[in-house]
Amino acid sequence: MDADTADQPIIRIRGLHTRFGRQVVHEDLDLDVRRGEVIGVVGGSGTGKSVLLKEIIGLLEPAAGSIEVLGHDTGTLTTSGWEALRRRWGVLFQDGALFSSLTVAQNVQVPMREATDLPRPLMDELTRVKIGMVGLPHFACMRFPSQLSGGMRKRAGLARSLALDPELLFLDEPTAGLDPIGAAAFDDLIRGLQQSLGLTVVMITHDLDSLAAICDRIAVLVDRKVVVDTMEALMDMDHPWIRSYFHGPRGRAARRSHANVPH
Amino acid sequence: MSDAHAPPTLTAGRIPDASGADEGWLRLEGASAGAGEGAGTLRFGGEWTLATATELDRRSHAIDPQAVAAIDLSAITRMDTAGAWLIHRTVAELRAAGREIEANGLSTRFHSLFDEVGRTDRPEQLEESGPGWLEDLLYRIGEATFGLAREGRRLMSFYGMLLVKGGRLFVQPHRLRLTSLVHHLEQTGLYAVPIVGLLSFLIGIVLAYQGADQLRRFGAELLTVNLLGLSVLRELGALMTAIIVAGRSGSAFTAQIGTMKVNQEVDAMETMGLDPVDILVLPRILALMAALPLLTFLSDIIGIIGGGLMSWAVLDIPPDAFARQFREAVPIQHLWVGLIKAPVFAFIIGMVGCYEGLKVTGSAESVGAQTTRAVVEAIFLVIVVDAGFSILFSTIGI
């Protein structure tokens with residue numbers, strides 16, 4: 001790890017504006033993500049969580065503002081700069097977004113084939129490592145995405161997003177659609193991988209259990225801006241949406257069940 | 001920096017200073033060359049990451065297991081899963097070669113990753129081993145044959161069900177979805193007018209031009225009118241329109257119903273006690289059966305107009321002479337022969353389109369696959385049935 005960038009934020013957003021026609025989604029939004037943390041992004045429907053994610057990873061262009069990821073200003077990057085940057089992060093889309101015509105193993109190998117010149121046997125070995133790390137059974141390697149359950153597709157998607165050993169991992173609702181046991185296992189998996197790989201994780205989630213269990217800080221999108229703090233600090237805030245979010249029955253239950261878990 | 005480019009094996013010397021190295025390296029120390037059963041220490045150091053994995057993979061394969069007595073991982077400065085795997089594999093291979101070796105000195109911050117990667121080391125295949133090519137060929141032929149028979153049987157049972165449910169409409173006319181019927185009539189009929197008209201016009205022109213070119217040699221230019229009238233009215237009008245509509249509306253039926261299947265809308269419909277055949281299939285087929293004869297008639301008219309204009313241009317047959325010759329040479333029955341085929345073609349196109357749509361399963365990918373199938377099958381069946389009609393009409397002498 002470069003010493004000079006170690007304490008700089010891994011993502012730095014300043015003065016971000018997003019508009020769709022007349023609808024203003026983000027207005028003068030600032031956000032810093034620190035290296036090595038797990039940050040959860042929450043907000044009501046239509047507050048632009050997914051839009052924010054897409055802007056960070058360059059699928060959407062903001063109306064104004066600057067986004068710096070891993071020390072590069074994404075607004076001024078050249079095409080080759082983008083390519084290099086995109087290899088340093090992994091993205092897990094909501095339903096895995098696996099290529100449906102490829103098996104799970106081939107899916108995991110897509111980024112490796114594109115970005116590296118690894119010899120074939122090593123690529124196969126690494127694929128096995130990734131698929132094993134996300135806890136997929138070995139028979140899943142040869143399956144097509146349509147032959148897998150939703151939870152397994154997410155794990156396969158995670159394996160693919162980890163294919164190039166990224167520094168930064170974006171997760172879009174990783175536990176949505178999973179049963180509570182599967183969701184808790186996925187949380188553990190992400191936390192475990194994050195700790196052993198030293199990842200920085202940005203996750204959009206509605207799952208209060210995930211937030212309480214694995215997020216170091218939480219970014220709440222309210223009033224077209226973002227409020228970032230630990231869960232405890234957010235609990236004490238006065239904002240009506242934040243209050244009702246964390247103090248609703250679900251919020252209380254999640255906080256209770258994770259009160260004793262040290263992170 | 002010199003460490004990075006050090007020879008891969010058999011380097012004697014002091015413990016290297018890894019602080020300046022940014023590439024991963026591995027070397028065998030303390031063993032003399034050719035000693036065989038040696039007492040060397042295999043040292044790993046530098047950055048063991050994906051960036052240098054190819055080179056490290058090559059070097060790790062070049063190690064002679066018999067020369068290694070100990071492993072030292074203390075000089076590793078950075079490690080990701082690729083590096084962890086390479087180290088794990090090297091150690092595992094040395095152990096498999098019979099060396100009782102412990103890997104020592106790995107910095108504690110890499111322990112969890114190293115253990116995590118070690119846990120994934122299970123013998124497993126990434127691809128199923130397939131049968132030989134001859135077996136595979138026979139298997140494919142057999143599968144395709146049985147698939148074709150199975151498909152034919154299913155299509156016939158779908159046909160039977162349509163007849164039953166269509167017949168029920170006569171007894172219970174309130175089951176007919178009138179709004180849907182009108183909507184599809186508009187979609188498949190009205191909106192197809194421009195493309196059908198344009199193509200028919202062009203076909204008429206081509207036919208008249210080619211006919212005139214050949215018949216002129218015999219001085220029988222006027223027979224171009226007969227050729228044009230017969231072929232457009234009997235065959236081309238109905239067939240061209242059916243093929244255009246199969247590509248345009250048959251595929252749309254499959255895509256629409258298939259998308260609803262993927263969305264589970266069809267399941268929702270059934271659980272509400274609504275019959276998808278009544279709601280989705282019958283209005284489409286009935287609308288198409290009404291629209292296709294109209295489109296065929298339009299195609300006939302415009303095709304003949306196109307041919308007539310061409311005759312005027314290249315053969316100098318003025319419109320009134322063309323009309324006179326047309327009335328004499330082409331009796332009205334040829335129009336009926338063409339038009340009577342249109343509802344049958346429409347039924348085939350609609351049936352195949354809806355059937356393939358209902359066969360869509362789960363993925364969005366299968367919508368595309370079924371749509372392609374629907375168009376190919378519909379055009380195939382239309383031409384087969386058209387051939388059947390030709391035989392039938394020539395037998396009964398029309």
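FYI, side chains are in, hydrogens and waters are out, and symmetry mates aren't considered; it's all heavy atoms of this structure. Order of the sequence lines sets the chain letters (A, B, ...), proteins ahead of strands, with each chain counted from 1.
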Take A:Asp165 and B:Met79 through the test side chain to side chain contact (heavy atoms under 4.5 Å, CB included) and record every step on the way to the result.
CA-CA 10 Å; A:Asp165 280 304; B:Met79 187 172 90; over 6 Å; no
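- With sequence neighbours left out, the side-chain hydrogen bond (donor to acceptor under 3.5 Å, both in side chains) criterion links B:Gln256 to B:Arg284.
- At a heavy-atom cut-off of under 4.5 Å, chain A is reached by B:Trp85, B:Leu86, B:Arg89 from residues 83-92 of chain B, listed in order of number.
- Residue contact with chain B, scored on non-hydrogen atoms closer than 4.5 Å, involves the backbone and the side chain of A:Ser100 alike.
- The shortest non-hydrogen separation linking A:Ala163 to B:Leu50 is O-CD2, 4.3 Å.
- For residues 366-376 of chain B, every residue pair satisfying the side-chain hydrogen bond (donor to acceptor under 3.5 Å, both in side chains) rule, not counting sequence neighbours, is listed here: B:Glu356-B:Gln370, B:Arg373-B:Glu377.
- Other residues, nucleotides and ligands place more than 12 heavy atoms under 6.0 Å from the CD atom of B:Glu265.
- Counting only heavy atoms from C-beta outward, the side chains of B:Arg58 and A:Leu122 never approach each other to under 4.5 Å.
- Few gaps surround CD on B:Glu93; more than 12 heavy atoms of other groups in view lie less than 6.0 Å from it.
- Within 6.0 Å of CD1 on A:Ile181 lie no more than 12 heavy atoms contributed by other residues, nucleotides or ligands.
- Of all heavy-atom pairs spanning A:Leu118 and B:Ala53, the tightest one is CD2-CB, 3.6 Å.
- No donor-acceptor pair closer than 3.5 Å links the side chain of B:Asp57 to the backbone N or O of A:Pro119.
- One finds the CE atom of A:Met133 at 5.5 Å from the CG atom of B:Leu113 (value rounded to the nearest 0.5 Å).
- The salt bridge (charged side-chain N to carboxylate O under 4.0 Å, His left out) check on A:Asp32 picks up A:Arg14, with sequence neighbours excluded.
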Between B:Thr81 and A:Leu162, is the side chain to side chain contact (heavy atoms under 4.5 Å, CB included) condition met? List the steps.
CA-CA 9 Å; B:Thr81 42; A:Leu162 293 172; over 6 Å; no
